[in-house]
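Remarks on the structure that follows.
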Amino acid sequence: MSDSTGSQLSPGSLPPSRIEAHHSKDDAIKDLFGVPSRPVVRTATAAQFIVNDDELEESEGMPLPSAGRQRSQNPAVMVPAPRVPTNLKETGLGLGAMAEFVLKELYVHGNMFGADIARQLRLPFPILDEALRFLKDQRCVEVSQGDLLGRVSYRFSLTDMGRVRARECFESCRYAGPAPVTLEQYVEQCRRQAVSGVYCNPQTIMQAFQGMVLKPGLLEEIGPAVCSGRSIFVYGPPGNGKTMIAKGLGRYLNLYCGEIYVPYAIQTENSIITVFDPILHKTTDDAEQPTTGNPAQTTSAGYNTSSGSLVVGNGVADPRWRRIRRPVVITGGELTLDMLELQYSKVSQFYAAPLHIKANGGVFLIDDFGRQLVSPRDLLNRWILPLEERIDYLTLATGRKFSVPFEQLTIFSTNLDPGDLVDDAFLRRIRHKIKIEAPSRPLFTEIFKMACEQRQIIFREEAVEYLYSNHYDRGRLPRSSDPRDLLEIVVAICRFRNIAVEVSQKLIADAAARFFYTG
């Protein structure tokens, strides 16, 4: 079911953790369709950043570069928009399917202007008018009110027979909202906006990592991985910024590599699969979305008085698609094999696309790899073919299989030894391996200085000297996250004692005694 922002109902229930339910604003519609749920993008903390938020908000310890709030205008990353269909054949949908969508809209909303039906289904009115005429001939629809503007301004309503037919349609599939695109149309668009086609050079990628202290040469390792659009294995001891770097890549694609298009839903094998997820997909076309109301007063849909047609949206891109920033989808220890398959609801009788399909055109980050409930070997076996062939196979409840593009930058991040997790056959399919090691003392000092600056605390060299002489020089590996964590404890101690915050040797010693585990 679509609302004014274009969000839709998603079927069934997904695995727990990082999942939240999205309730319909209309209780009657909620009762009809059931309560949907959608996966939630996990946000970063401390020295990491939040992805897919209105302005990619800053989190503690990681300021955004000023350039990060500007979308890339490089022509190399401009993605062609899906073409607006001009007739029923170009939608890829049959007259019967279109008639069913019209029946559902009228059943849910009651009397509707022809313009409002077009807005709800995200299609030009002349295409829907063919279905309306067919339903009128079948005595399922009647005109309750006319207007001088033509059929687009007529009020349509269901007859008794139409209500019976609409209920029958809902029994087979309860999806209602923007008309779906065909699988073939989805595949074609995914190939156009593949990650392997993004523009990347040392200057542009450096912008996405501004404000981060990285070891020399690290961006030279990261850049070619982005250009290839292939998978990346980021590994090393914990607390040294593996996740931060992986999300930095996500931020680069999200902000500097143009916008892409994602459909509300796909239709294949007479089944509906929802793809657009307002939680995961940050839209950039909100001002172009249609609003309801009398077609004579509309400003978000163009009305042609000479042809009596309604152009939904901006008239440039097929309005069944949303323009979004390249998505960044993150999952961690809760990932299971079921989450990589279609999510089918027996109540709603349609599907929700799995997480990695919603990540097409962007980044799919598997954080804490090796700590999932499912074994790493089983998880990796599921991805051997997609990583190699750039396609994945999904299975419908009927047992029918179909292929979909696997066009994303897949990043595995782990603090475990890759040799203990995967074999050589799988490592060969992961083109880029990037090891993130413990920072050197000069690099650690720079990180400590930056952490102090972010908290407006005066940096003192004696704090670093104490940590090395009493901990790091005695066998404990320094971690890039230690300055952040220790300063948080120092601030808490000072607040409790009601004293000014500083990084004296005594306060750092107190913080280290609380933070470091000595066994």
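The structure places CZ of Phe209 at 6.5 Å from CG of Leu214, a figure rounded to the nearest 0.5 Å. To the nearest 0.5 Å, atoms CD (Glu269) and OG1 (Thr398) are separated by 7.0 Å. Here the straight-line distance linking atom CD1 of Ile357 with atom CG of Leu342 works out to 8.0 Å at 0.5 Å rounding. The line from CG of Leu95 to CD of Glu100 is 10.5 Å long, rounded to the nearest 0.5 Å. Between the OG1 atom in Thr268 and the CD1 atom in Ile266 there is a gap of 8.5 Å [rounded to 0.5 Å]. Going from atom CG of Leu355 over to atom CD1 of Ile330 covers 11.5 Å, rounded to the nearest 0.5 Å.
The shortest non-hydrogen separation linking Gly223 to Ile205 is CA-CD1, 4.0 Å. Contact between Ala81 and Ala317 at its shortest, heavy atoms only, is CB-CB, 3.6 Å. When every heavy atom of Leu123 is checked against every heavy atom of Ala179, the shortest pair comes out as CD1-CB, 3.8 Å. Here the shortest heavy-atom pairing between Gln349 and Ser172 reads OE1-O, 3.0 Å. Taking every heavy atom of both residues into account, Pro124 and Val84 meet most closely at CG-CG1, 4.0 Å. Across every non-hydrogen atom of Met98 and Ala131, the tightest pair is CG-CB, 3.9 Å.
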key: Residues His432, Ser231; criterion side chain to side chain donor-acceptor pair (under 3.5 Å); working and verdict   = CA-CA 7 Å; His432 302 268; Ser231 52; over 6 Å; no
**OP:** Would you check, one step at a time, whether the test side chain to side chain donor-acceptor pair (under 3.5 Å) holds for Thr284 with Arg323?
**Re:** CA-CA 6 Å; Thr284 60; Arg323 190 177 70 239; 3.0 Å; yes
Report task. Apply ring pair (Phe, Tyr, Trp, His ring centres under 6.0 Å) to Tyr107 and Phe170, showing your working. Result -> CA-CA 10 Å; Tyr107 186 85; Phe170 275 121; 5.6 Å; yes
Point to revise | Worked check of side chain to side chain contact (heavy atoms under 4.5 Å, CB included) between Leu103 and Leu158 | key: CA-CA 8 Å; Leu103 285 172; Leu158 293 177; 3.5 Å; yes
- Task: Test side chain to side chain contact (heavy atoms under 4.5 Å, CB included) on Lys401 and Leu396 and set out the steps.
- Result: CA-CA 6 Å; Lys401 290 182 178 290; Leu396 298 169; over 6 Å; no
List the steps and the verdict of side chain to side chain donor-acceptor pair (under 3.5 Å) for Thr159 and Glu142. CA-CA 6 Å; Thr159 63; Glu142 61 185 2; over 6 Å; no
For Phe402 and Ile273, what are the C-alpha separation, side-chain angles and deciding distance, and is it a side chain to side chain contact (heavy atoms under 4.5 Å, CB included)? CA-CA 12 Å; Phe402 63 95; Ile273 303 165; 3.4 Å; yes
Exercise. Take Ile245 and Ile222, measure what side chain to side chain contact (heavy atoms under 4.5 Å, CB included) needs, and give me the verdict at the end.
Key: CA-CA 9 Å; Ile245 291 169; Ile222 294 174; 3.5 Å; yes
Can you check side chain to side chain donor-acceptor pair (under 3.5 Å) on Gln289 and Asp285, steps first, answer last? CA-CA 7 Å; Gln289 294 305 299; Asp285 60 355; 3.2 Å; yes
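Here the side chains of Phe134 and Leu132 are not in contact, with every heavy-atom distance at 4.5 Å or above. In this structure, the side chains of Phe125 and Ile117 stay at 4.5 Å or more apart for every pair of heavy atoms. Between Val187 and Val404 there is no side-chain heavy-atom pair separated by less than 4.5 Å. Inter-residue side-chain proximity for Tyr252 and Val226 is flagged as met; some heavy-atom pair is nearer than 4.5 Å. Residues Arg320 and Pro263 form no side-chain contact, since every pair of their non-hydrogen atoms from C-beta on lies 4.5 Å or further apart. Inter-residue side-chain proximity for Ile232 and Leu249 is flagged as met; some heavy-atom pair is nearer than 4.5 Å. Looking at Met206 and Leu219, their side chains come closer than 4.5 Å, going by heavy atoms from C-beta outward. When side chains are defined from C-beta on, Pro354 does not count as touching Glu341, because their heavy atoms never get closer than 4.5 Å.
Using modelled atom types, one side-chain atom of Glu105 and one backbone atom of Gly177 make a donor-acceptor pair closer than 3.5 Å. Side-chain atoms of Gln193 come within 3.5 Å of backbone N or O of Tyr261 as a donor-acceptor pair. Within the 3.5 Å criterion, the main-chain N or O of Asp338 finds a donor-acceptor partner in the side chain of Gln343. Side chain of Ser348 to main chain of Ser345: no donor-acceptor pair is present (N/O by atom type, distance under 3.5 Å, no hydrogens or angles). Arg390 places no side-chain N or O within donor-acceptor distance of the main-chain N or O of Pro386, the cut-off being under 3.5 Å. Judged by distance alone, with hydrogens and angles left aside, the side-chain atoms of Gln372 form no donor-acceptor pair with the main-chain N or O of Thr336 at under 3.5 Å. The backbone N or O of Pro80 sits less than 3.5 Å from a side-chain atom of Gln189, completing a donor-acceptor pair. With hydrogens and angles ignored, the 3.5 Å screen pairs no side-chain donor or acceptor of Ser196 with any backbone N or O of Gly229.
In this pair, His281 and Phe276 present their aromatic rings parallel. The plane angle is below 30°, not in the 30 to 60° band. In this pair, Tyr154 and Phe156 present their aromatic rings tilted. The plane angle is within the 30 to 60° band.
Ser413 and Lys242 share no side-chain donor-acceptor pair at under 3.5 Å.
The side chain to side chain donor-acceptor pair (under 3.5 Å) check on Ser403 picks up nothing, with sequence neighbours excluded. Residues forming a side chain to side chain contact (heavy atoms under 4.5 Å, CB included) with Cys173 (at least two apart in sequence, or on another chain): Lys104, Tyr175, Ile272, Phe350.
Within a 6.0 Å sphere centred on CZ of Arg400, heavy atoms belonging to other residues, nucleotides or ligands number 12 at most. Residue-environment remark: CG (Asn270) stays at or below the threshold of 12 foreign heavy atoms within 6.0 Å.
Salt-bridge check for Asp286 with Arg322: passed, with a basic side-chain N closer than 4.0 Å to an acidic carboxylate O. We find that Glu259 and Arg325 are not joined by a salt bridge, their nearest charged nitrogen and carboxylate oxygen being 4.0 Å or further apart. Salt-bridge check for Asp318 with Arg83: failed, with every basic side-chain N at 4.0 Å or more from each acidic carboxylate O. Taking the charged nitrogens against the carboxylate oxygens, Arg382 and Asp392 do have a contact shorter than 4.0 Å, which makes a salt bridge.
Under a cutoff of 6.0 Å and an axis angle of 45°, Arg155 and Phe113 form a cation-pi pair.
For the side chain to side chain contact (heavy atoms under 4.5 Å, CB included) with Pro85, the lone residue among Leu93, Ile127, Val181 that qualifies is Ile127.
Under the side chain to side chain donor-acceptor pair (under 3.5 Å) criterion, the residue pairs touching residues 177-188 are Thr182-Gln185, Tyr186-Asn360, Glu188-Arg192, with sequence neighbours excluded.
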